[in-house]
Amino acid sequence: MASGGDSPVFEDDESPPYSLEKMTDLVAVWEVALSDGVHKIEFEHGTTSGKRVVYVDGKEEIRKEWMFKLVGKETFCVGAAKTKATINIDAVSGFAYEYTLEINGKSLKKYMENRSKTTNTWVLHLDGEDFRVVLEKDTMDVWCNGKRMETAGEFVDDGTETHFSVGNHDCYIKAVSSGKRKEGIIHSLIVDNREIPEIPE
């Protein structure tokens, strides 16, 4: 028989460091690509306990227990820019629920469609490490692996170049007119004088 010192003892206001119940009511998981990276949003909804828990990148953002109203919404922030996110909880039929995620007031699908028009994303492998570079076209901000980069803009004969460094690699994003009104400006990432293909997001 183990003595009292061998087993964990918790005072009334203490709880175990690791909850065995964690994620048992997980009902939805989303991955959201923002300029500072791809964020994982997880939502627990205990329909018998009234529990609601929101995790962003594994960190608990919201925890509510004993909510008698099982439908509603939970609003929180995601990423370095504190982007507003809302999970809507709607009753579908009987005890079935639908969970939808909105980013900045738009459905996730609409937000991502709009984002593909306002950003360019490249993934590159340098010095044994992966880098995700994002250009926000409206502000010309450049992000790399979650950090906004220091940049220097320069006008050149056929457009502009936005220069920055990744490690000891010289990089720039070249912006040139497509010559076609519908296409607008074409952005290309050049690293060490080599063009990097863009990835669709």
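Residues Ile103 and Arg115 are not in side-chain contact: their nearest non-hydrogen atoms beyond the backbone lie 4.5 Å or more apart. Side-chain contact between Tyr111 and Leu101: absent, with no pair of heavy atoms (C-beta onward) separated by less than 4.5 Å. Contact of the Leu126 side chain with the Val191 side chain is registered, since non-hydrogen atoms from C-beta on lie closer than 4.5 Å.
More than 12 heavy atoms of other residues, nucleotides or ligands lie within 6.0 Å of CD in Glu154, so this atom counts as buried by the packing criterion.
The side-chain contact (heavy atoms from CB on, under 4.5 Å) test applied to Asp57 returns His39, Lys40, not counting sequence neighbours. When the ring-ring contact (aromatic ring centres under 6.0 Å, His included) test is applied to His163, the partners found at least two apart in sequence or on another chain are Tyr172.
When all heavy atoms are compared, the tightest approach of His187 to Leu135 is CD2-CD2, 3.3 Å. Nearest heavy atom pair, residue Ala80 against residue Asp36, reads N-OD2, 2.6 Å. The nearest pair of heavy atoms linking Leu189 to Cys171 is CD1-CB, 4.4 Å. Considering all non-hydrogen atoms of both residues, Trp143 and Arg148 come closest at CE3-N, 3.6 Å. Nearest heavy-atom pair across Ala91 and Val71 is N-CG1, 3.5 Å. Taking each heavy atom of Phe131 and Cys144 in turn, the nearest pair found is CD2-SG, 3.7 Å.
A salt bridge is absent between Glu102 and Lys73: the closest approach of a Lys/Arg side-chain nitrogen to an acidic carboxylate oxygen does not fall below 4.0 angstrom. Taking the charged nitrogens against the carboxylate oxygens, Glu113 and Lys117 have no contact shorter than 4.0 Å, which rules out a salt bridge.
Taking CZ of Phe155 as the reference point, atom CD of Glu161 lies at 11.5 Å (rounded to 0.5 Å). Interatomic distance, CG of Leu108 versus OG1 of Thr100, reported as 10.0 Å (0.5 Å rounding).
Grouping the Ile, Leu, Val, Met, Phe, Trp and Tyr side chains by contacts below 4.5 angstrom, directly or via other members, places Val142 apart from Ile185. Under a hydrophobic clustering in which Ile, Leu, Val, Met, Phe, Trp and Tyr are joined whenever their side-chain heavy atoms come within less than 4.5 Å, directly or via other members, Ile199 and Val133 fall into different clusters. Linking Ile, Leu, Val, Met, Phe, Trp and Tyr residues whenever their side-chain heavy atoms come within less than 4.5 Å leaves Val176 and Trp122 in two separate clusters.
In this structure, Phe43 and His45 have parallel ring planes: the angle between them is below the 30° cut-off, well short of the 60° mark.
A donor-acceptor contact shorter than 3.5 Å is absent between the side chain of Thr86 and the backbone of Thr75. The closest donor-acceptor contact from the side chain of Asn145 to the backbone of Arg132 lies under 3.5 Å.
The residue from Ile173, Leu124, Val123 that alone fulfils the side chain to side chain contact (heavy atoms under 4.5 Å, CB included) condition with Ile196 is Leu124.
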Before giving the answer on side-chain contact (heavy atoms from CB on, under 4.5 Å), spell out for Phe76 and Ile41 the whole-Å C-alpha distance, their side-chain angles and the decisive distance to 0.1 Å. CA-CA 11 Å; Phe76 52 98; Ile41 298 171; 3.8 Å; yes
